[in-house]
Amino acid sequence: MSQIVSPEIGAQEEPRPPIRPRDPWLWCLAIPAVFAAIAAIRLAIPSAPVFDEVHYLPAAREWLTLLDEQVGVYRNPEHPPLGKQLIAAGIHLFGDSPIGWRVMSLLAGTIALAASMRALWQASHDRFATIAFGMLLATGFHLFIHARIAMLDIFMAAFLAIATWLFVGAIRKPETGRWRLALCGIAVGAALASKWSAVPLAMAFGLTFFAARLSAGRRRLVTSTRGWPVPGISLIEAVLWLGLVPLAVYSATYTPAYWLGGPLQSSPFGENGLIGQHKEMLELQGSVVAPHNYQSTWPQWMLNTRGIWYFYEKVDGAQRGVMLIGNPLTMLLGLPALLWCLASGVWRTNWAQLGVVIGYAVTLGLWLIAPKPVQFYYHYFLPSFFLLAALALTLSDLAKREAMESRPYISYSVIVASVAVFAVFFPILSAGTLEGQDSFAYWVWIEGWR
């Protein structure tokens with residue numbers, strides 16, 4: 001008689017493969033596509049330049065004079081040229097009209113959203129967090145507003161999001177590390193050439209690589225290709241991709257400037273050279289000391305207590321306005337989420353959670369030490385990316401706990417509520433038709449938003 005083995009006693013179960021979450025790549029396409037469609041509503045309104053468009057549009061038009069072999073003027077010299085060159089490309093393609101002014105910002109905002117979602121996926125492999133992050137970022141106000149205005153911040157954010165995606169992807173898939181780091185370096189250079197606010201995060205990629213390789217304790221620190229973060233890449237090669245390539249790309253964007261303002265010898269760059277012109281840029285950056293009605297401080301940014309009216313007037317047949325604040329719900333919920341990510345990241349050695357906390361601290365920390373006496377809420381644009389990523393990762397942890405109890409309420413409710421708050425503020429985010437001159441009062445919940 002054959003022996004009967006009780007499955008409870010003698011049988012051993014086959015080891016199960018680890019559960020791998022499915023890549024939410026379709027969501028990473030769908031959410032940005034819907035975002036772009038909504039952000040395109042009334043993109044041509046207002047039909048006149050608003051807020052800092054009055055500085056950047058004239059500067060962009062000067063770049064177009066080079067196409068006609070004319071002598072232009074090098075305007076807005078306090079900022080790098082790439083963002084203005086991209087605005088000029090939109091004008092060249094779609095005409096000197098509101099659509100032409102803002103279409104490249106819309107494209108950059110859409111790319112920033114998609115690349116940010118891919119970056120968080122590569123960092124965490126957390127499907128819920130990636131999708132939640134896309135929804136929170138799309139409805140967080142900052143990205144939406146800057147995707148609809150011809151300013152420089154959106155281009156900087158898009159290139160930094162691409163760089164982060166590529167850098168984290170190189171760590172996740174080291175067999176593709178070389179080309180990813182090379183492209184990361186190009187994106188970092190483009191971010192710096194869009195706006196100098198990119199500097200802290202631009203430096204973070206190379207410093208992260210150095211710190212990781214240093215922690216590996218290799219005797220041949222500089223030449224070893226073994227160990228974290230990207231096996232196969234030495235520290236020397238990392239300096240090339242994350243240090244020299246960004247500088248080369250950044251410098252290359254200034255090349256056409258040598259022909260703006262006159263013949264090569266008499267143009268500002270021809271006379272001063274790249275280094276000399278940068279001294280003037282630094283002086284101009286610190287020269288704005290006069291108080292401004294909308295200036296604010298970093299504690300006000302964190303608490304979302306001081307906004308900026310990009311415009312509010314009767315235009316294009318109706319009373320309209322655009323107010324820059326953060327989503328009142330998620331900007332505040334993101335603060336305890338950062339603390340959770342810090343504690344959970346340290347306790348569980350969760351690098352995705354620690355990464356968003358470090359990213360927030362680095363991008364906000366710039367404005368604590370920057371020699372720029374007058375600062376504005378739009379400087380919180382980059383920190384808000386990391387704040388909402390922290391909230392998405394925290395909601396994912398909460399969703400896992402709720403799933404164990406079969407009560408997925410709070411985690412999903414926060415996402416739905418973020419969309420609902422966005423819908424309430426949509427008219428004042430998208431230059432919608434308002435009832436009258438005092439309509440702003442409906443959205444001014446606190447005095448600092450006036």
Side-chain angles (χ1 to χ4, degrees), residues 15-25 27-28 116-137 161 164-174 177 201 204-205 207-217 226-231 302 330-365 382-415 418:
R16 297 181 179 179
I19 298 175
R20 298 184 182 276
R22 289 184 295 114
D23 186 337
W25 65 268
W27 285 95
C28 296
S116 297
M117 293 179 68
R118 295 309 298 169
L120 189 63
W121 167 252
Q122 292 284 11
S124 66
H125 270 198
D126 188 321
R127 181 180 172 87
F128 181 96
T130 300
I131 298 170
F133 181 41
M135 297 292 291
L136 295 173
L137 189 57
T164 305
W165 174 19
L166 290 164
F167 183 75
V168 178
I171 297 173
R172 178 70 69 174
K173 300 177 180 179
L201 198 57
F205 298 110
L207 292 175
T208 298
F209 195 103
F210 174 74
R213 191 55 56 86
L214 185 65
S215 67
R226 301 175 62 188
W228 195 74
V230 186
M302 294 179 67
T330 56
M331 287 297 108
L332 295 181
L333 289 180
L335 297 176
L338 282 167
L339 297 177
W340 170 257
C341 284
L342 176 61
S344 177
V346 171
W347 180 259
R348 299 187 299 178
T349 318
N350 187 314
W351 290 109
Q353 292 181 324
L354 288 175
V356 297
V357 175
I358 294 171
Y360 180 82
V362 166
T363 52
L364 181 61
L382 285 182
S384 73
F385 277 70
F386 294 98
L387 180 84
L388 295 176
L391 180 56
L393 290 167
T394 300
L395 291 177
S396 179
D397 283 349
L398 180 60
K400 293 182 180 73
R401 180 178 295 274
E402 290 175 335
M404 295 174 60
E405 301 172 357
S406 299
R407 297 167 61 184
Y409 296 148
I410 299 177
S411 55
Y412 287 89
S413 298
V414 170
I415 299 170
S418 179

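Residue pairs meeting the salt bridge (Lys or Arg N to Asp or Glu O under 4.0 Å) criterion with at least one member in residues 347-357, sequence neighbours excluded, are Arg348-Asp397. Among residues at least two apart or in separate chains, there is no salt bridge (Lys or Arg N to Asp or Glu O under 4.0 Å) pair with a member in residues 382-394.
For Lys400, the salt bridge (charged side-chain N to carboxylate O under 4.0 Å, His left out) partners are Asp126, not counting sequence neighbours. For Trp27, the side chain to side chain contact (heavy atoms under 4.5 Å, CB included) test picks out Pro24, Ile31, Arg127, Ile131, with sequence neighbours left out. By the side chain to side chain contact (heavy atoms under 4.5 Å, CB included) test, Ile358 is found to be paired with Val362, residues two or more places apart in sequence or in another chain being considered. Checked against ring-ring contact (aromatic ring centres under 6.0 Å, His included), Phe385 has the following partners two or more places apart in sequence or in another chain: Phe381. In this view, Pro174 and Val230, Pro231 satisfy the side chain to side chain contact (heavy atoms under 4.5 Å, CB included) rule, not counting sequence neighbours. Among residues two or more places apart in sequence or in another chain, the ring-ring contact (aromatic ring centres under 6.0 Å, His included) test is passed with Trp121 by His125. Listed by chain and residue number, Leu398, Glu402, Val414 satisfy the side chain to side chain contact (heavy atoms under 4.5 Å, CB included) test with Ile410 (two or more places apart in sequence, or in another chain). With sequence neighbours left out, the ring-ring contact (aromatic ring centres under 6.0 Å, His included) criterion links Phe386 to no other residue. Phe133 is linked by a ring-ring contact (aromatic ring centres under 6.0 Å, His included) to nothing, counting only residues two or more places apart in sequence or in another chain.
No side-chain donor-acceptor contact under 3.5 Å links Ser396 to the backbone of Ala392.
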